[in-house]
Amino acid sequence: MYHNNPNIKLPENPDTIIWKYLDLSKFLELLLSRKLFMSRSDKFEDQYEGTFSEPTYEEIKKLSTNNPDFLKYYKTHREKVAISSWHINEYESFAMWQIFTQNSEGLAIQSTIGRLQNALKPEDTFQQYIGEVNYIDYKKEYIPFDDMFFPFLFKRKSFQYEREVRIITDVTANNITLNDGLKIQVDINQLIEKIYIHPKSENWYKNLVIQLVKQLGFDFTIEKSDLESDILI
């Protein structure tokens, strides 16, 4: 179940719109399993994921001269944390379609911060937080480390376009090993408000998605992305 942590920031308005861009197979997996896949934090493409900025690292290094386990703990903690990333945007994003969907068979889930919080309610096995990522200069800026979740809520400024909100799950207390990641229980009808289909997709593809969703017993609004709507001239 999702916990509140006063140090972790989120947009105040629960109706803030968020998106997740994914391919059809991952989308079907979500509907069939009714579980959301979260990646292990050290398996992301960004090798800085869950690490520290230089000023923070220098401070931790000083602290760990007398206590070598301190630094080791931070490194191994990354293997115990799984993350699901969402993108804050009032509108769909052309860049996100290009980055996260390989061909014209992608989908975007539209949700809100409030829906995301409610969707996590059935999950009471793990400790979870939802937080907005801060984008900082890793050479100059300091990342606080008084909270175990903080390294996972900072990224380098070059990722600012992601405008990311993430669900963070810590399995340290559950004594399990994460391989690639973790699946967590979610309320799918809360999680998904609308589905948008790739702007370059064909009509048959849209019909296929509608049919699949219906056969699986769901009733979402499904729309073709309007990035490719008719040119008015």
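Side chains included, hydrogens not; waters and symmetry mates left out as well; all remaining heavy atoms used. Predicted, not measured: the structure shown is a model, and the values here were computed from it.
- Taking the side chain as every heavy atom from C-beta outward, Ile109 and Trp19 never approach each other to under 4.5 Å.
- With sequence neighbours left out, Phe218 forms a ring pair (Phe, Tyr, Trp, His ring centres under 6.0 Å) with Phe220.
- The salt bridge (charged side-chain N to carboxylate O under 4.0 Å, His left out) test applied to Glu193 returns Arg115, not counting sequence neighbours.
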N/O donor-acceptor pairs under 3.5 Å from side chains in residues 199-215, not counting sequence neighbours:
unit_1 : atom_1 : unit_2 : atom_2 : d
Ser201 : OG     : His198 : O      : 2.7
Tyr205 : OH     : Glu105 : O      : 2.7
Asn207 : ND2    : Asn203 : O      : 3.4

Could you tabulate the donor-acceptor pairs under 3.5 Å formed by side-chain atoms of residues 177-192, not counting sequence neighbours?
unit_1 : atom_1 : unit_2 : atom_2 : d
Lys183 : NZ     : Glu29  : OE2    : 2.2
Asp187 : OD1    : Asn189 : N      : 3.1
Asp187 : OD1    : Gln190 : N      : 3.2

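- For Glu92 against Tyr21, the heavy-atom pair with the smallest separation is CA-OH, 3.4 Å.
- Counting only distance, with no hydrogens or angles, the side chain of Ser39 and the backbone of Ser41 share no donor-acceptor pair below 3.5 Å.
- The backbone N or O of Leu153 lies less than 3.5 Å from a partner atom in the side chain of Asn134, making a donor-acceptor pair.
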Contacts table for residues 79-88: side-chain donor-acceptor under 3.5 angstrom, sequence neighbours left out:
unit_1 : atom_1 : unit_2 : atom_2 : d
Lys80  : NZ     : Ile176 : O      : 2.9
Ser84  : OG     : Trp86  : NE1    : 3.1
Ser85  : OG     : Glu164 : OE2    : 2.7
His87  : ND1    : Glu162 : O      : 2.7
His87  : NE2    : Asn89  : ND2    : 3.2

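- Taking every heavy atom of both residues into account, Tyr138 and Lys155 meet most closely at CE1-C, 3.4 Å.
- A continuous path of Ile, Leu, Val, Met, Phe, Trp and Tyr side chains, each step under 4.5 Å between heavy atoms, connects Leu30 with Ile222, placing both in one hydrophobic cluster.
- The side chain to side chain contact (heavy atoms under 4.5 Å, CB included) test applied to Glu223 returns Lys194, Tyr196, Thr221, not counting sequence neighbours.
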